Colleague: 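Below are the structure tokens for one structure; questions will follow.
Note that the coordinates shown come from a computational prediction; the quantities given were computed from them, not determined experimentally. The basis for the numbers below is simple: all heavy atoms, side chains too, and nothing from hydrogens, waters or symmetry mates.
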Amino acid sequence: MSQQEEHAPPESWTAVEARMWRAFRAGRTCDLRPGGRPAESPGPLGTDAAASDPWGPERTVRAQAVAELLLNPPPPQPGRVAALKLAGVRISGRLMLSGGTITPYVQLDDCRFDEQLMLQECRAGSMRLVRCLIPRLEAARLQVTGDLHLPQCFVPGGIRLTDAQIGTDLLLNQLTVLRDRHSRAIAADGLFVGQDVDAELLDVTGELSLRSARIGGRLSLRGALLRNPYDRYALNAARVQVEHTLYLSAGWDAMATGTTGDTPPPSGVRTRDFVCEGGLRLDDGRFGNAVVISRAQFRMEGEQQLSLRRIQTPELRFTPGRPPAGGLVSLSGARVGKLADTPASWPEAGRLSLRGFQYDGLTPPEDFPLKARIAWLHAATPEFSPEPYERLAAALRASGEDAEAREVQLARQRRRRESLPPAGRVWGWLQDVTVGYGYRPGRAAVWMAVLWAVGAVYFALHHRPAPSDSGYVPHWSPALYALDLLLPVIDLGQDNAWREVGLSQWVASALTLLGWMLATTAAAGASRLLRRGS
């Protein structure tokens, strides 16, 4: 057998498949698109859009032929690198690559699969499928040492990437995916990606599940549209680990503009908000740089939640532009370094939970008045809890805002007073009016001065009282006498030297009682100040 015959395509292959075989050995693209032009993205129209193109025998290869090329490839032409590069090709039958090892590079543009693509436990280098129609992608435990790209593809039956391992990047930009029979669109629990996951302008109907996924770079869902009216979550990413930043923000067509990564869009480029219709769960997530939620729309119903429970991140930017609508927003147990938010970020009272939420500092991108910040705490605590107030006061003190921190502590005491029995509310009201619960100690001096002046004037307008039975008769001084009545500890030699009767006795008793009250509340406030400073 000659060398030419040895490296000829199998005799049973069609002319189109033989053309694919020769292009594979030369590392060239087998382009069967009409006119060689890139097709429109299959988009949400799916099979209807794909069926409008002529996909006759002249553009069709069997899945079995593709599998033979990938799993048992012929040698490349001398000086060439073998690669499967198809454009505008219809692949008939089910492409079964499960458990196999694919060594050639794979690039498919504008291709159509008649049946689902089977890649379970497959091992490959890099695979790039662009603007392809794939009825379903089964790729559990797939191992790709390079990139896996699926931009602008349409997958009406869902994608399964459970426990898959991607060595570098996973690109899902402008991918459209519909749910499977379990209401999951993308099942990627346990996914590992060495670098970035870019899923910008992603369009998903069903659940996007990334539970326990590990991502070595960023996770970008800029401009994504996630909808799941069938189940609890549109995005379920509990225990996800992202080494850099999670973006749930506005996006644009970066492929068309030539921008990548964190580059802002060029001037005049149309952008699209991140939209989540259904619950979103990031519970116990770990983020190495930041969680950015900006220009985002959240629409929830019933028990659906925007749940950020126990997340850990150096920075949380929560500026969606409008409050989440519908369900609960929970940051219970979350630990954040810097919190950047606006008054319009948060939902109404009863739909926000901050129990155990810890943050070290506040960096609002716009003015966030203290009154609105305290109202934010009120909305998060239908039942009084001191911890959110203590946390806000600590963050303000760390920023050097001591006066605002005291206002927050005062608001905490007033909120606590609402939960006390009547006697406690009266005593709390007295502390508030007199010394502001110790956070406004100057009030005690003002009240003391007013009472002293009133007492001195009253006693000056009346006759000198009779001396007491002590035998000590000092020089009568209405001012010193009133001051001695007010000061509960210091003895100026006037209080016990005189005996009041009638109305004057009641006035003297009132001054003594008020002096004790002022001293007690002032001492309580001073003790709080000392405890905070220790």
Colleague: Do other residues, nucleotides or ligands put more than 12 heavy atoms under 6.0 Å from Arg214 CZ?
Modeller: no
Colleague: May I ask you to decide whether Arg355 forms a salt bridge with Glu387, counting only side-chain N to carboxylate O separations under 4.0 Å?
Modeller: no
Colleague: Is a donor on one side and an acceptor on the other found under 3.5 Å between the side chain of Asp169 and the backbone of Gln195?
Modeller: no
Colleague: When rounded to the nearest 0.5 angstrom, what is the spacing between CG in Leu219 and CG in Leu248?
Modeller: 7.5 Å
Colleague: If only atom types and distance count, is the side chain of Thr381 paired as donor or acceptor with the main-chain N or O of Leu377 below 3.5 Å?
Modeller: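 Between the backbone of Leu377 and the side chain of Thr381 there is a qualifying donor-acceptor contact (under 3.5 Å).
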Colleague: Got Arg373 and Leu362 here, is their nearest side-chain heavy-atom distance under 4.5 Å?
Modeller: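 Yes, side chains in contact.
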Colleague: Looking at every non-hydrogen atom in both residues, tell me the closest pair between Pro343 and Pro369 and how far apart they are.
Modeller: CG-CD, 4.3 Å
Colleague: Are the side chains of Ser345 and Pro320 in contact, using a 4.5 Å heavy-atom criterion?
Modeller: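 In contact.
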Colleague: With a 4.5 Å limit on heavy-atom distance, are the side chains of Phe287 and Ile311 in contact?
Modeller: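 When only atoms from C-beta onward are counted, Ile311 and Phe287 do touch, with a gap below 4.5 Å.
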Colleague: Which distance, rounded to the nearest 0.5 Å, do you find between the CG of Leu282 and the CZ of Arg211?
Modeller: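 One finds 13.5 Å between CG of Leu282 and CZ of Arg211.
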Colleague: Flag the pair Glu404 and Arg406 as a salt bridge only when some basic side-chain nitrogen lies within less than 4.0 angstrom of an acidic carboxylate oxygen.
Modeller: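 So Glu404 does not pair with Arg406 through a salt bridge.
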Colleague: Roughly how far apart are Arg232 CZ and Glu301 CD, rounded to 0.5 Å?
Modeller: 14.5 Å
Colleague: Taking CZ in Arg335 as the centre, count heavy atoms belonging to other residues, nucleotides or ligands within less than 6.0 Å. Is the count above 12?
Modeller: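 No, because the 6.0 Å sphere around CZ of Arg335 holds 12 heavy atoms or fewer from other groups.
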Colleague: Whether the side chain of Asn228 engages the backbone of Tyr230 through a donor-acceptor N/O pair (distance < 3.5 Å, no angle test) should be reported.
Modeller: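 Side chain of Asn228 to backbone of Tyr230: a pair is present.
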Colleague: Kindly indicate, with the supporting measurements, whether the criterion side chain to side chain contact (heavy atoms under 4.5 Å, CB included) is fulfilled by Leu202 and Leu226.
Modeller: CA-CA 8 Å; Leu202 177 71; Leu226 311 181; 4.2 Å; yes
Colleague: Does a side-chain N-to-carboxylate-O contact under 4.0 Å join Asp198 and Arg222?
Modeller: no
Colleague: When you check the gap from the basic side-chain N to the acidic O, do Asp189 and Arg184 get nearer than 4.0 Å?
Modeller: yes
Colleague: Quick one: does Tyr247's side chain get under 4.5 Å of Phe274's, heavy atoms only?
Modeller: no
Colleague: Ignoring hydrogens and angles, state whether a donor on the side chain of Arg309 or Ser307 is under 3.5 Å from an acceptor on the partner side chain.
Modeller: yes
Colleague: Is there a side-chain contact between Leu148 and Leu142 (heavy atoms, below 4.5 Å)?
Modeller: yes
Colleague: Got a donor-acceptor contact below 3.5 angstrom from the Thr313 side chain to the Glu315 backbone?
Modeller: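 Yes, Thr313 side chain to Glu315 backbone: donor-acceptor pair under 3.5 Å.
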Colleague: Given side chain to side chain contact (heavy atoms under 4.5 Å, CB included), test Leu178 with Val155 step by step and report yes or no.
Modeller: CA-CA 6 Å; Leu178 305 183; Val155 188; over 6 Å; no
Colleague: Do Thr245 and Asn289 have side-chain atoms, one donor and one acceptor, less than 3.5 Å apart?
Modeller: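 Judged by distance alone, the side chains do pair up.
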Colleague: To the nearest 0.5 angstrom, please state how far the CG atom of Asp341 sits from the CZ atom of Arg317.
Modeller: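 If I round to the nearest 0.5 Å, the distance is 13.0 Å.
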Colleague: Flag the pair Ile293 / Leu246 as yes when at least one side-chain heavy-atom distance between them is below 4.5 Å, and no otherwise.
Modeller: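 Answer no - side chains too far apart.
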Colleague: I need the minimum non-hydrogen distance between Glu277 and Val275, along with the two atoms involved.
Modeller: CG-CG1, 3.9 Å
Colleague: Can Gln297 and Asp273 be counted as having a side-chain donor-acceptor contact under 3.5 angstrom?
Modeller: yes
Colleague: Rounded to the nearest 0.5 Å, what separation is found between the OG atom of Ser330 and the CZ atom of Arg351?
Modeller: 13.5 Å
Colleague: For Glu207 and Ser209, which heavy atoms make the closest approach, and how far apart are they?
Modeller: OE2-CB, 3.5 Å
Colleague: Give the minimum heavy-atom separation between Ser353 and Leu328, together with the two atoms involved.
Modeller: N-CD1, 4.2 Å
Colleague: Under 3.5 Å, is there a donor-acceptor pair between the side chain of Ser183 and the main chain of Arg179?
Modeller: no
Colleague: Is there side-chain contact between Arg310 and Ser332, with heavy atoms separated by less than 4.5 Å?
Modeller: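 Not in contact.
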Colleague: Are the side chains of Val291 and Phe318 in touch, meaning some heavy atoms are under 4.5 Å apart?
Modeller: no
Colleague: Thr271 and Arg295: side chain to side chain donor-acceptor pair (under 3.5 Å), yes or no, with the steps?
Modeller: CA-CA 10 Å; Thr271 60; Arg295 283 190 55 186; 3.0 Å; yes
Colleague: Report yes or no: does Asn173 contribute a side-chain atom to a donor-acceptor pair with the main-chain N or O of Glu200 at less than 3.5 Å?
Modeller: yes
Colleague: To check you understand the geometry: which heavy-atom pair defines the closest contact between Cys153 and Leu175, and what is its length?
Modeller: O-CD1, 3.3 Å
Colleague: Nearest 0.5 Å please: distance from the CG atom of Leu280 over to the CG atom of Leu308.
Modeller: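 It is 7.0 Å, given to the nearest 0.5 Å.
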Colleague: Determine, stepwise, if the pair Arg239 / Gln241 fulfils side chain to side chain donor-acceptor pair (under 3.5 Å).
Modeller: CA-CA 6 Å; Arg239 301 178 301 279; Gln241 297 183 35; over 6 Å; no
Colleague: Quick check against the 3.5 Å criterion: does Thr162 have a side-chain atom that pairs as donor or acceptor with the backbone of Ala140?
Modeller: no
Colleague: Going through the distances and angles, do Phe357 and Val336 end up as a side chain to side chain contact (heavy atoms under 4.5 Å, CB included)?
Modeller: CA-CA 8 Å; Phe357 177 39; Val336 171; 3.7 Å; yes
Colleague: List the atom of Gly158, the atom of Val177, and the distance in Å for their closest heavy-atom pair.
Modeller: CA-CG1, 3.7 Å
Colleague: Which is it for Arg391 and Tyr359 under the side chain to side chain contact (heavy atoms under 4.5 Å, CB included) test, yes or no, and what are the steps along the way?
Modeller: CA-CA 7 Å; Arg391 176 56 52 188; Tyr359 48 95; 3.4 Å; yes
